[in-house]
Amino acid sequence: MFHLSPAHLSRGFSKRMGMGMVEFVHRLRIEEACRLLHWSDEPIGEIARRVGYNEIAYFSRCFRAQT
């Protein structure tokens with residue numbers, strides 16, 4: 001669509017944002033999870049699934065790494 005190779009896009013994203021695309025997506029997910037944890041009564045497992053983590057243990061590791 002943008003006529004860029006995946007490697008070129010990834011390098012440009014990293015250079016511009018200061019982090020890789022995967023880390024960026026994890027940060028967005030964890031930020032949303034923090035918002036939901038604060039304002040929602042939903043269980044942690046449901047919040048993890050809502051933000052894109054199918055495994056609660058993996059969500060927990062990512063959450064601890066980001067917060």
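Any value given below was found using the heavy atoms of this structure, including those in side chains, with hydrogens, waters and symmetry copies removed.
- Environment of CG in L37: crowded, with over 12 heavy atoms of neighbouring residues, nucleotides or ligands closer than 6.0 Å.
- Salt bridge absent: R27 and E31 never bring a charged side-chain N and a carboxylate O closer than 4.0 Å.
- The shortest heavy-atom contact between S14 and G20 is OG-CA, 3.6 Å.
- Rounded to the nearest 0.5 Å, atoms CZ (R11) and CG (L4) are 10.0 Å apart.
- The hydrophobic clustering, which links ILVMFWY residues whose side-chain heavy atoms are closer than 4.5 Å, places I44 and I30 together.
- Between E42 and R50, at least one side-chain N (NZ, or NE/NH1/NH2) sits under 4.0 Å from a carboxylate O, which counts as a salt bridge.
- Under a 4.0 Å N-O distance rule, the pair R35/E32 qualifies as a salt bridge.
- Between I47 and P43 the shortest side-chain heavy-atom distance does not fall below 4.5 Å.
- Note that SG of C34 and CZ of R29 are 14.5 Å apart. Values are rounded to the nearest 0.5 Å.
- Closest approach of R49 and I56 over heavy atoms only: NH1-CD1, 4.3 Å.
- Of the possible donor and acceptor atoms, none in the side chain of S10 sits under 3.5 Å from a partner among the backbone N and O of P6.
- Evaluation of the ring-ring contact (aromatic ring centres under 6.0 Å, His included) rule for Y53 yields H26, Y58, F59 as partners, not counting sequence neighbours.
- Linking ILVMFWY side-chain heavy atoms closer than 4.5 Å, directly or via other members, places L28 and M21 in a single hydrophobic cluster.
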